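So the structure is just underneath, and the comments pick up after that.
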Amino acid sequence: MRILFIHSDFIEYRVKEKAVEAAEKFTKEWERVEDCLVSFISVERKDDENVARKAIDEIVDVAEKVNAKRLVIYPYAHLSSDLSDPETAKKILTLIELGLKDKYDVHRAPFGWYKSFTISCKGHPLSELSKQIGGEEEPEALKKETTIKTYWKILYEGNLFDIDNFDFTGYEKLRDFVSYEISGTRAVVDVPPHVKYMRSLEIADYEEGSDSGNLRYYPRGKLIKSLAENLVTNYVIDYGAMEVETPIMYDYEHPALKSYLQRFPARQYTVLSGEDRYFLRFSACFGQFLIAKDALITYKNLPLRLYELTRYSFRREKHGELVGLRRLRAFTMPDMHTFVPDIEKAKEEFLRQFKLSISVLKDFGLDLNDYEVAVRFTSDFYRENENFIKDLGSFVKKPILVQFWEEKFFYFVLKFEFNFVDNTKKAAALSTVQIDVDNAKRFNITYINENGNREYPLILHCSPSGAIERVIYAMLEKAEFMKKEGKKPVFPFWISPIQVRIIPVSEKHLEKAIEIGKNFEKEGIRVDVDDREITMQKKVREAEMEWIPYIVVIGDKEISQKILNVRDRYLDKTREIPLIDFIDELREKIRGKPVKRLNEDYLLSKRVKFV
RNA sequence: GCCACCGUAGCUCAGUAGGUAGAGCGGCUGAUUCGUAAUCAGCAGGUCGGGGGUUCGAAACCCUCCGGUGGCUCCA
């Protein structure tokens with residue numbers, strides 16, 4: 001259904017001739033209504049009573065906003081090219097009329113007639129609005145989200161505070177996050193700064209040749225992304241998960257998948273294979289659940305953990321929501337599922353994964369001050385596990401946002417997220433863990449218990465870092481915060497695409513510079529040499545603009561004294577250190593971290609400029 | 001999905017009573033061989049996002065599509 005609202009000084013219409021066979025009988029050939037809200041409505045194919053109900057809510061909502069007492073329902077076919085049959089349209093229009101009659105003075109223009117009309121629009125900002133309601137692919141969960149009963153509190157030092165009574169002094173980012181969550185931000189903002197960096201640092205870029213929200217990654221971005229992926233995967237495997245790989249597209253008609261789709265508030269990409277319709281996965285859940293369903297699992301195998309790094313997960317986010325790396329339609333998500341026998345075990349895993357997520361983010365240079373914690377649960381879960389929730393709050397030693405759901409509508413009873421609040425005061429979720437009480441049954445995943453009987457496990461969904469692209473986004477936004485504080489923006493050493501740049505003072509030092517560079521390369525440190533014929537000032541400047549952590553200048557002095565002159569970005573100063581000691585220092589910094597080779601030429605004169 | 005703004009050289013942008021394009025950076029060439037955030041000079045480089053229309057004439061005005069951004073809505 002589509003509705004066009006016009007808040008009018010008056011509308012006047014006159015019935016002319018029949019437009020369709022099924023035209024409605026009418027009582028007034030001419031009508032004029034003063035000071036009213038006119039709703040021009042197209043009833044579309046697939047619209048039903050639910051859509052009518054939703055339409056009533058929308059009309060009431062708008063009427064309240066513009067303070068209208070009189071309503072005009074005006075059938076108007078021209079808003080849509082996918083109309084319902086006339087009988088349905090009449091029925092739904094009548095339902096809407098009846099639904100509004102109690103509270104408003106409702107007038108309705110007859111259906112199925114050509115009418116002349118004159119309307120006077122008030123012209124204030126809310127006087128013209130249009131809405132689209134329903135749509136066949138809209139999952140229940142998306143619609144339900146707007147009606148589900150929920151309330152919010154701040155949890156701090158074991159106490160729950162009303163949002164309005166909590167003093168956010170010193171917790172401004174939490175305040176921004178809360179207002180973003182509950183009311184949506186009102187701040188006037190520009191493009192988030194990470195978009196500028198993702199391009200200028202040659203990490204990622206928009207790709208016109210694809211759908212919006214599908215980005216291209218340049219060599220440096222690909223390197224950063226791979227390192228990030230490897231780090232998370234290593235963590236998860238150390239944690240005890242087994243890595244699997246599953247298809248990226250699934251059958252719309254598969255019964256378990258079909259009902260799961262309805263519980264998941266996201267839109268899908270659809271793929272046609274001949275006549276058959278498939279959707280692109282929006283997480284690794286399906287693939288892993290379908291594996292678990294067929295596996296022979298006993299209580300001795302629990303907790304069982306499956307993991308996949310999805311490249312990609314797809315969500316067809318609305319156009320207006322896509323920005324840079326914050327929100328994409330194709331993204332890389334580490335996704336682990338843990339199967340446990342009961343709620344006690346689930347809580348134990350939940351807490352461990354909570355801590356795992358903190359460790360993972362820390363390696364990306366994001367600590368608890370950089371993100372806000374949200375914990376959400378059903379009221380039932382809270383009643384039975386109040387202390388558990390409070391312990392989570394105590395563990396992070398700062399106030400957190402908690403959300404209560406009166407009923408369980410989604411598939412989980414408890415979840416947390418770590419939300420990054422960026423320079424435009426918008427929030428994006430990074431790590432998350434959920435306790436899923438529904439899907440074992442839905443997918444018929446069972447394990448054999450001590451007595452030889454089949455039982456449904458509980459399932460934890462965990463993305464310890466959140467989407468990899470989002471982690472990069474958070475690192476870039478954090479860099480901007482650093483810049484605002486007067487610090488130099490920089491990546492953690494292990495993930496810097498170039499870790500050491502060697503700058504020969506003049507051409508005659510080049511050979512020696514390359515030789516010194518080899519010592520770093522042997523240790524798995526990504527080093528390059530600026531062999532271009534430009535001034536060294538300029539080389540230093542460009543190295544700084546690329547956020548390279550260590551800039552080593554090689555001239556006569558360094559060659560004769562065998563001491564390196566290092567410009568250290570983390571300390572923001574230049575220091576002198578013997579080569580051996582410096583390499584030891586860097587080796588220590590990358591210990592236990594993923595290592596990858598430089599993903600571009602060692603010599604800057606050979607480099608391509610991508611942006 | 002709706003509304004608004006934007007799209008000009010590889011990048012950032014200038015170019016409004018409509019008269020077939022400019023700067024800086026980058027690139028190339030030459031000079032300079034240089035000590036920690038921009039050496040100097042010359043040269044090359046443009047279907048003005050795509051398509052359609054108005055006009056003698058469109059980067060400019062209109063329509064439409066695509067892309068980007070912001071707002072609304074929404075965001076497990």
Side-chain angles (χ1 to χ4, degrees), chain A residues 2-5 58 61 65 79-80 125-126 128-135 138-139 141-146 180-181 184-192 195-196 199-200 202 205-213 260-261 263-267 282-283 285 313 315 317-324 326-327 333 374 376 409-412 415 417 419 424 426-429 432-434 436 461 463 466 488 501 503-510 530 533-546 551-558 565-569 573-574 608-611:
Chain A
R2 286 167 195 254
I3 310 181
L4 174 65
F5 295 99
E58 290 286 354
D61 187 45
K65 275 189 192 143
L79 299 171
S80 171
L126 285 172
E128 296 172 274
L129 288 170
S130 76
K131 296 270 176 177
Q132 188 173 3
I133 301 172
E138 190 89 336
L142 276 178
K143 291 190 237 163
K144 188 74 176 190
E145 268 206 315
T146 59
Y180 183 74
E181 274 289 313
T185 181
R186 293 283 174 272
V188 179
V189 290
D190 337 286
V191 184
V195 176
K196 175 181 72 194
R199 304 192 66 234
S200 67
E202 296 197 337
D205 209 341
Y206 298 118
E207 174 54 72
E208 270 196 50
S210 183
D211 189 23
S212 307
Y260 184 38
L261 283 175
R263 296 279 137 172
F264 196 94
R267 296 167 188 81
F282 43 82
S283 69
C285 302
S313 285
R315 297 182 192 183
E317 304 291 4
K318 282 191 278 184
H319 203 270
E321 297 170 352
L322 304 169
V323 206
R326 183 169 65 204
R327 203 164 184 81
M333 191 169 63
R376 307 165 200 258
F409 179 75
F410 305 110
Y411 49 77
F412 44 82
K415 73 172 290 199
E417 310 123 37
N419 292 276
T424 66
K426 297 234 179 184
T432 180
V433 176
Q434 307 159 359
D436 175 349
H461 300 236
S463 187
K488 288 182 173 176
R501 160 123 344 135
I503 297 181
V505 171
S506 76
E507 216 173 311
K508 66 181 184 214
H509 308 108
L510 178 59
D530 194 342
E533 293 178 28
I534 54 175
T535 59
M536 71 155 294
Q537 286 95 321
K538 191 145 193 183
K539 293 180 187 177
V540 170
R541 176 179 144 84
E542 291 190 11
E544 292 279 5
M545 292 196 304
E546 290 173 37
I551 300 167
V552 175
V553 174
I554 303 290
D556 290 337
K557 197 174 132 203
E558 288 71 26
N565 183 304
V566 178
R567 193 171 160 126
D568 186 323
R569 194 175 179 83
K573 65 174 194 189
T574 304
V608 174
K609 256 184 90 73
F610 288 101
V611 179

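Naming convention: chains lettered A, B, ... in sequence-line order (proteins, then strands); numbering from 1 in each chain. The analysis underlying the following values was restricted to heavy atoms, covering all of them including side chains, and did not include hydrogens, waters or symmetry mates. All figures in this text were calculated on a predicted structure; none of them were measured in a lab.
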Out of [options], which nucleotide sits closest to the side chain of [X]?
X         : options                : result
Glu544(A) : G35(B), C34(B), A37(B) : A37(B)
Lys426(A) : G35(B), G71(B), A38(B) : G71(B)
Tyr206(A) : G35(B), G68(B), C34(B) : G68(B)

Subject >> Arg569(A) vs Ser506(A), nearer the 5' end of RNA chain B by closest nucleotide >> reply: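 Here Ser506(A) is the residue nearer the 5' end.
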Original post:
Closest nucleotide of RNA chain B for Ser212(A) versus for Arg376(A): which of these residues is on the 5' side?
Top reply: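 Its nearest nucleotide being more 5', the pick is Ser212(A).
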Give every pair of a protein N or O atom and an N or O atom of nucleotides 24-31 of chain B that lie under 3.5 Å apart, one pair per line with the distance.
residue : atom : partner   : partner atom : Å
G26(B)  : OP1  : Lys538(A) : NZ           : 2.4

Measure from [atom1] on [X] to [atom2] on [N] and round the result to the nearest Å.
X         : N      : atom1 : atom2 : value
Arg326(A) : G68(B) : CZ    : C1'   : 14 Å
Tyr180(A) : U73(B) : OH    : P     : 12 Å
Asp556(A) : G35(B) : CG    : C1'   : 10 Å
Lys488(A) : U36(B) : NZ    : C1'   : 10 Å
Asp205(A) : G67(B) : CG    : C1'   : 12 Å
Glu202(A) : C11(B) : CD    : P     : 12 Å
Glu507(A) : G35(B) : CD    : C1'   : 17 Å
Lys196(A) : G68(B) : NZ    : C1'   : 17 Å

Please report the shortest heavy-atom distance between [X] and [Y], naming the atom on each side.
X         : Y         : value
Gly324(A) : Val195(A) : CA-CG2, 3.8 Å
Ser283(A) : Ser313(A) : CA-OG, 3.5 Å
Asn419(A) : Ala374(A) : ND2-CB, 3.7 Å
Ala543(A) : Ile551(A) : CB-CD1, 3.6 Å
Lys539(A) : Pro504(A) : NZ-O, 3.7 Å
Lys426(A) : Tyr180(A) : CD-CE1, 3.7 Å

When you measure from the side-chain N and O atoms of [X] to the phosphate of [N], is any distance below 4.0 Å, counting only OP1 and OP2?
X         : N      : result
Thr535(A) : U39(B) : yes
Lys539(A) : U33(B) : no
Arg567(A) : A37(B) : yes

Name the nucleic acid region contacted by [X], choosing base, sugar-phosphate or nothing; use a 4.0 angstrom heavy-atom cut-off, strictly under.
X         : result
Phe412(A) : sugar-phosphate
Arg327(A) : base
Gly466(A) : nothing
Val323(A) : sugar-phosphate
Ile551(A) : nothing

Original post:
For Gln434(A) and Asp436(A), what are the C-alpha separation, side-chain angles and deciding distance, and is it a side chain to side chain donor-acceptor pair (under 3.5 Å)?
Top reply: CA-CA 6 Å; Gln434(A) 307 159 359; Asp436(A) 175 349; over 6 Å; no
Working to the nearest 0.5 Å, report the span between [atom1] of [X] and [atom2] of [Y].
X         : Y         : atom1 : atom2 : value
Ser200(A) : Asp205(A) : OG    : CG    : 10.5 Å
Arg569(A) : Lys488(A) : CZ    : NZ    : 5.5 Å
Thr432(A) : Lys415(A) : OG1   : NZ    : 4.0 Å

Separation between the [atom1] atoms of [N] and [M], rounded to whole Å:
N      : M      : atom1 : result
G71(B) : A44(B) : C1'   : 43 Å
G70(B) : G51(B) : P     : 28 Å
A60(B) : U20(B) : C1'   : 13 Å
C61(B) : U54(B) : C1'   : 8 Å
G10(B) : C28(B) : P     : 15 Å
U12(B) : G7(B)  : P     : 12 Å
A14(B) : C25(B) : C1'   : 14 Å
C48(B) : A58(B) : P     : 11 Å

Original post:
Per the atom types in the model, does the base of G35(B) pair as donor or acceptor with the side chain of Glu558(A) at under 3.5 Å?
Top reply: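 Indeed, a donor on one side and an acceptor on the other fall under 3.5 Å apart.
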Original post:
Would you say the side chain of Gln537(A) and the base of U36(B) hold a donor-acceptor pair, judged only by whether the two atoms sit under 3.5 Å apart?
Top reply: no
Original post:
Which stems, defined as runs of 3 or more consecutive Watson-Crick or G-U wobble pairs with both pairing distances under 3.5 Å, involve RNA chain B?
Top reply: B:1-7 with B:66-72, B:10-13 with B:22-25, B:27-31 with B:39-43, B:49-53 with B:61-65
Original post:
Ile503(A) and side chain to side chain contact (heavy atoms under 4.5 Å, CB included): which partner among Lys538(A), His509(A), Met536(A)?
Top reply: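 With Ile503(A) as partner, Lys538(A), His509(A), Met536(A) yield a single side chain to side chain contact (heavy atoms under 4.5 Å, CB included), made by Met536(A).
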Original post:
Pick from Arg541(A), Arg501(A), Glu202(A): which one makes a side chain to side chain contact (heavy atoms under 4.5 Å, CB included) with Glu546(A)?
Top reply: Arg501(A)
